[in-house]
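Every chain is numbered from 1 and lettered A, B, ... according to where its sequence line falls, protein lines coming before strand lines.
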Amino acid sequence: MSDLQAQTRFEPAEVEARILERWLDAGLVHPEAAGSADENFSIAIPPPNVTGALHMGHALNGTIQDVLVRCNRMRGKRTKWILGTDHAGIATQRQVEKLLESEGTSREELGRDAFQERVWQWRERYGGQIVEQFKRLGATADYEDERFTMDERYHEAVLKVFIDLHEQGLIYRDHYMVNWDPGLRSAISDLEVEERDGVVDTLYSIAYPLAEGDGELVVATVRPETMLADTAVAVHPDDERYAHLVGQEVVLPLVGRRLPVIADEYVKTDFGTGALKITPGHDPNDFEIGRRHGLGEISVIGEDGLMGAAAGERYAGLTVAEAQARVVADLDELGAIREREEYVHTVPFSQRSGARVEPLISLQWFMRMDELAGPAIDAVRFGHVKIHPESQSRRYVDWLENIRPWCISRQLWWGHQIPVWYRGSETYVGATAPEGDGWERDPDVLDTWFSSALWPFATLGWPQRTPELQAFYPTDVLSTARDILFLWVARMVMLGLRFADDIPFEHVYVHSIIQAPDGRRMSKSLGTGIDPLALVEGGPRPPVFAKRPGEDPGEFPAYGADAVRFGLLAMSSTQDVRFSEEKVQQGQALANKLYNATRFVLLRIGNAPGADAGWGEISATEQGRSVEDRWILSRLQAIKTDTQARLDGFDFAKAALGLYDFIYGELCDWYLEIVKPRLGDDADPDDRTALAAILLHVLQETIATAHPVIPFVTEELWELLPGTTGLLATSTLPALDPQLRDAEAEAQMERAMEAIRIMRAWRDSVGVRPATIVTATLDAGGYEQTARRVAERARFAFVAGGGDAHVVASIAIPGGTVAVHASDDVDLGAAERRLEEQRATLRSEIERAERKLANAGFVAKAPPAVVAAERAKLERLRAELEGR
RNA sequence: GGGCGGUUAGCUCAGCUGGUCAGAGCGCGCGCCUUACAAGCGCGAGGUCCACGGUUCGAUCCCGUGACCGCCCACCA
């Protein structure tokens, strides 16, 4: 920003790169590991996937965290924002697999070691992208101490947790029903399953003949192919229709197996025929029922998604869909299908691959969660961990109270390989293979969320008792979106309490999810995603911005990081919100406004005596200060207090918009405009000097207060202000000075501003030309100190009310009236119409107040203060009407 | 099937513990190049605060029911 005089607009592109470099060079992002977690401030970033590119969620969350980090840094706290990325097993493995595919090879062809080598190379090459993008937003995360969930030390921590939990009996291996993802060829956890509504299937009613005598039992199913694995038919114990059949057997069509008829409470008597085929191998409920009744478990569908040998020769090798068609055809031939109807229901799909989940019995590693859940529930219930907004606490507690075992093994190659070795029937759990030959390691890796659950302490060097752990654990805040409250947040609390002996964070802030402008989810595949950096640096608008379909939505201007940060904060709330480009524009306007306000002050007072007075120079006792000075100093205290309180309360939208209102409204529209005459060439030099000090003081403190939200422009302006040293980012926030709060000045200014607004509106409505100075007599109380400013701002000239002046109009302002003198510039007809309108408004308001006060109930039951206020209001309105 | 949140100006949203609470930004209209900013300034128009009941002296705000939208959880074949 070389030429303040010529540069009339703030150009973020020119400034931001330079400012960023200064922050990074200053080392402010990397704190010394000293002191205690109590006195320090720390946040652990939700580690983005190494595969990831910055999306709107990252940008919002990054901004929120940076605001908190900057704010606390400016409070003088040693501040660490733990940074790193997640190895993201599935996502990363798929990325690299795709790459291999394009090279005409595959991971199988490469083999495990070579494949992992390729993933590491890939990570080396692309993994740093998202970190660089965070920098572009001004995020002051600790770039000098970046972590990765596959780092060697991190890996050791993961293995230790696995081994310890295994030793404690919480981790075990079992044949159990899992959600099998045929697309991924891996088990996935319950949380990675997405239930899709409205799937249309056919519900088949199939007759199973009784083994003894005539008769049949008809069961209903949407998956006839699974009947090949049936091992029973169940009815409700109280169902009298079938009571006599319980204990008998039926014959499974096509297979010939004899199945017992069992009684189980799970069966609904009013669904279908009230008889349920039991397939423990391929249905989670049937699995439970089967275990209750000691039924056999037959698997006819393999992990490859094809029918297996147990399905019988006729079906083995078919896909599930093919098998279904053939089973149905075969049943038709037998005449065993009694009915078929269209059936709409919900069906589980894999969030990872999109494939329909196939419930299978499989040998997997599980983690028992009940024992860990209790303390994690208590942590929230007793307020050690506070979730904001509070309503999310209930979701958290509900989920933990109903928690089920977690399937933690994944059939992938990229991730933390499970530290278990097998030799024949022997099993050994440990970080390294045991002595002796022939040990083979379990090929599976751990669910990515297993390692993520250790993030807040494993990044700080746990299990070693490092100075970092001492200084920054527990962290202060975790900021995240709602969708990973269970997936991640709850698990961090559980494992933090278990292994790091303390909660991982004191506050959890659950932020909005930003939707596309049309209300849909932001997603790359839908084309509704918006690249935050396209907003910062300019770039094409996505098609969702088109006013009409197919229309070219044009380009984003380069709004700059401050504008994007401001916009995101201003949009955020406790619920999901639509993306609003206007809020970003508002941020841009604010940055520009602040720049121009500073420019104005510096160009006007430049090197005037007193211009280098920094803060702390303004004392409450300073003489000769006018009412607007006292007012702005008072308002400055208010915005300082409010901004801090709003940020502490995670009310980011209000913090951002509050700054906007103060800077745009109070500081620029009112204060700077009002004091302009005091800076003129013919102004009183002493007053000018005093004013210069106040202006600089107010600017400095405003800029410092706004810095966490719009760090770039404020840092730039800070350097331009006289009397400042060093980086704003490392300065301390201006102290509150309660003595400068001045209710009396605020009241006077409120009154003056209201009068100015009314007088301007009057001018406009009666068609007085802007250049005209209207002559009038001020006949109102409470303007002793502001009359001159009121006249200036409203372009009036107040003269003493001589009896000979012909009054043509009377403008009601708080505390009295302004009597307008006759003049060619006033359209009397318009003035009269305007007056009559006002009288009408007054009459109706008076009538309303009178009616209210005539209501006996109101006078008797409403609080006396309310009634009194209503009476006072009526008096005032009547007096005003009198004056017309 | 449960649970949660939403429905306020043309658009996106604020409105705390019921009584100047009907607001902001953008958009729109009118007027201004007033020597910080025309990405600016001033003024203005626009809303039975989803519907219907109830509580209350008084309801956008509290309660109930319904409609529509969104999200979460859930093992009805």
Side-chain angles (χ1 to χ4, degrees), chain A residues 4-5 7-10 177 195 203-205 219-223 226 234 266-268 270-279 283-289 343 345-346 348 359 389 391-392 394-395 398-399 402 482-483 485-486 513 515 517 519 521 557 559 570-571 573-583 585-586 588-589 591-604 653-654 657 660-661 664-665 668-669 672-673 676 756-757 760-765 767-771 793-795 845 848-849 852 855-863 865-867 869-870 873:
Chain A
L4 206 55
Q5 181 77 51
Q7 183 78 42
T8 62
R9 297 196 310 230
F10 178 66
M177 176 127 307
E195 300 287 338
L203 183 66
Y204 297 92
S205 295
V219 300
T221 182
V222 292
R223 307 268 329 255
T226 64
Y266 169 77
V267 184
K268 304 278 182 293
D270 56 355
F271 189 92
T273 58
L276 174 64
K277 75 193 242 331
I278 301 298
T279 319
D283 182 281
N285 304 310
D286 294 6
F287 178 80
E288 299 291 337
I289 294 169
Y343 187 64
H345 62 147
T346 59
S391 58
Q392 297 296 328
R394 231 184 81 191
R395 279 184 64 223
D398 284 351
W399 184 76
N402 297 301
R482 205 181 40 223
D483 49 350
L485 192 62
F486 308 147
I513 291 172
Q515 299 163 335
R521 261 190 118 74
Y559 284 116
M571 269 175 248
S573 91
T574 55
Q575 63 182 74
D576 293 353
V577 292
R578 293 188 186 197
F579 180 81
S580 148
E581 190 177 343
E582 286 76 23
K583 291 284 194 293
Q585 285 166 349
Q586 209 178 335
Q588 182 193 32
N592 185 244
K593 196 70 172 174
L594 197 53
Y595 168 73
N596 270 297
T598 305
R599 184 165 160 261
F600 164 72
V601 170
L602 294 183
L603 292 178
R604 279 301 183 89
K654 229 181 231 162
L657 293 169
Y660 178 93
D661 287 342
Y664 235 92
C668 293
D669 288 350
L672 294 187
E673 293 300 332
K676 271 180 183 172
I756 291 166
R757 274 190 288 260
R760 283 173 176 166
W762 178 85
R763 293 179 64 111
D764 223 57
S765 67
V768 177
R769 302 178 59 82
R793 298 313 308 145
R795 303 188 72 76
E845 280 183 43
R848 194 158 56 171
K852 209 165 180 181
N855 182 339
F858 174 72
V859 178
K861 297 192 181 176
V866 174
V867 178
E870 197 64 30
K873 180 177 157 193

Rounded to whole Å, how long is the line connecting atom [atom1] of [X] with atom [atom2] of [N]?
X: Lys583(A); N: C13(B); atom1: NZ; atom2: P; result: 8 Å
X: Phe271(A); N: G1(B); atom1: CZ; atom2: P; result: 13 Å
X: Arg769(A); N: C32(B); atom1: CZ; atom2: P; result: 7 Å
X: Tyr660(A); N: G25(B); atom1: OH; atom2: P; result: 6 Å
X: Phe600(A); N: A36(B); atom1: CZ; atom2: P; result: 6 Å
X: Leu594(A); N: C37(B); atom1: CG; atom2: C1'; result: 12 Å

Q) Across the strands shown, which category fits Val267(A) at heavy-atom distances under 4.0 angstrom: base, sugar-phosphate, nothing? A)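 Base, at least one base heavy atom under 4.0 Å.
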
Q) What does Arg394(A) touch in the nucleic acid at a heavy-atom separation under 4.0 angstrom: a base, only the sugar-phosphate, or nothing? A)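 Contact class for Arg394(A): sugar-phosphate only.
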
Q: Assign G40(B) to syn or anti; the rule is syn for a glycosidic angle within 90° of 0 and anti otherwise.
A: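 Base orientation relative to the sugar is anti.
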
Can you build the contact string for [range]? Use B for base contact, S for sugar-phosphate-only contact, and - for no protein heavy atom under 4.0 Å.
range: nucleotides 14-23 of chain B; answer: S----BB---
range: nucleotides 41-46 of chain B; answer: SBBS--
range: nucleotides 69-75 of chain B; answer: --SSS-B

Using the [atom1] atom as the reference point in each nucleotide, state the distance between [N] and [M] in Å, no decimals.
N: G27(B); M: C63(B); atom1: P; value: 38 Å
N: C13(B); M: G31(B); atom1: C1'; value: 29 Å
N: C28(B); M: U20(B); atom1: P; value: 33 Å
N: G18(B); M: C26(B); atom1: P; value: 32 Å
N: C69(B); M: C32(B); atom1: C1'; value: 44 Å
N: G23(B); M: A9(B); atom1: C1'; value: 10 Å
N: C62(B); M: C4(B); atom1: P; value: 15 Å
N: G44(B); M: G58(B); atom1: P; value: 34 Å

Output all residues satisfying salt bridge (charged side-chain N to carboxylate O under 4.0 Å, His left out) with [X], sequence neighbours left out; order by chain, then residue number.
X: Arg521(A); answer: none
X: Lys583(A); answer: none
X: Glu673(A); answer: Lys676(A), Arg793(A)

Q | Distance-only polar pair, side chains of Tyr664(A) and Asp669(A), donor-acceptor under 3.5 Å | A |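 Absent: no donor and acceptor within the cut-off.
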
Q.
Testing the 3.5 Å rule here: is there a donor-acceptor pair between the side chains of Tyr559(A) and Glu581(A)?
A.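 Looking only at side-chain atoms, Glu581(A) and Tyr559(A) do form a donor-acceptor pair, the distance falling under 3.5 Å.
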
Considering all heavy atoms of both residues, which atom of [X] and which atom of [Y] are nearest to each other, and what is their separation?
X: Lys277(A); Y: Arg223(A); value: NZ-O, 4.1 Å
X: Leu276(A); Y: Asp286(A); value: CD2-OD1, 4.4 Å
X: Ile289(A); Y: Ile278(A); value: CD1-CD1, 4.0 Å
X: Glu195(A); Y: Thr346(A); value: OE1-OG1, 4.1 Å

Sequence-distant partners of [X], side-chain hydrogen bond (donor to acceptor under 3.5 Å, both in side chains), two or more places apart:
X: Thr221(A); value: none
X: Thr598(A); value: none
X: Arg760(A); value: none
X: Arg795(A); value: none

So which nucleotide from [options] ends up closest to the side chain of [X]?
X: Gln586(A); options: C37(B), G40(B), G25(B); value: G25(B)
X: Thr8(A); options: A36(B), A39(B), C37(B); value: C37(B)
X: Arg599(A); options: A77(B), A39(B), C37(B); value: C37(B)

Q: Look at the rings of Tyr595(A) and Phe10(A) and say which category their plane angle falls in: under 30° parallel, 30 to 60° tilted, over 60° perpendicular.
A: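 Correct class here is tilted.
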
Q.
Quick check: any donor-acceptor pair below 3.5 Å linking the side-chain of Lys676(A) to the base of A36(B)?
A.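 Yes.
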
Q. Residues in ring-ring contact (aromatic ring centres under 6.0 Å, His included) with Phe600(A), at least two apart?
A.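 So Phe600(A) forms no ring-ring contact (aromatic ring centres under 6.0 Å, His included) with any residue.
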
Q.
Only Watson-Crick and G-U wobble pairs with both distances less than 3.5 Å should count. Give RNA chain B in dot-bracket notation, marking inter-strand partners with |.
A. (((((((..((((.....[...)))).(((((.......))))).....(((((..]....))))))))))))....

(Q) In the structure I gave you, are the side-chain heavy atoms of Leu203(A) and His345(A) within less than 4.5 Å of one another anywhere? (A)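 Side chain of Leu203(A) against side chain of His345(A), heavy atoms only: no contact under 4.5 Å found.
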
**Q.** Along RNA chain B (nearest heavy atom to each residue), the more 5'-positioned of Gln585(A) and Thr221(A)
**A.**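 Counting from the 5' end, the first nearest nucleotide belongs to Gln585(A).
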
Q) Between Leu657(A) and Ala275(A), which is nearer to the 5' end of RNA chain B once each is assigned its nearest nucleotide? A)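 Comparing both residues, the 5'-ward one is Leu657(A).
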
(Q) Is His345(A) close enough to C76(B) that one of its side-chain N or O atoms is under 4.0 Å from OP1 or OP2 there? (A)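 No, outside the criterion.
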
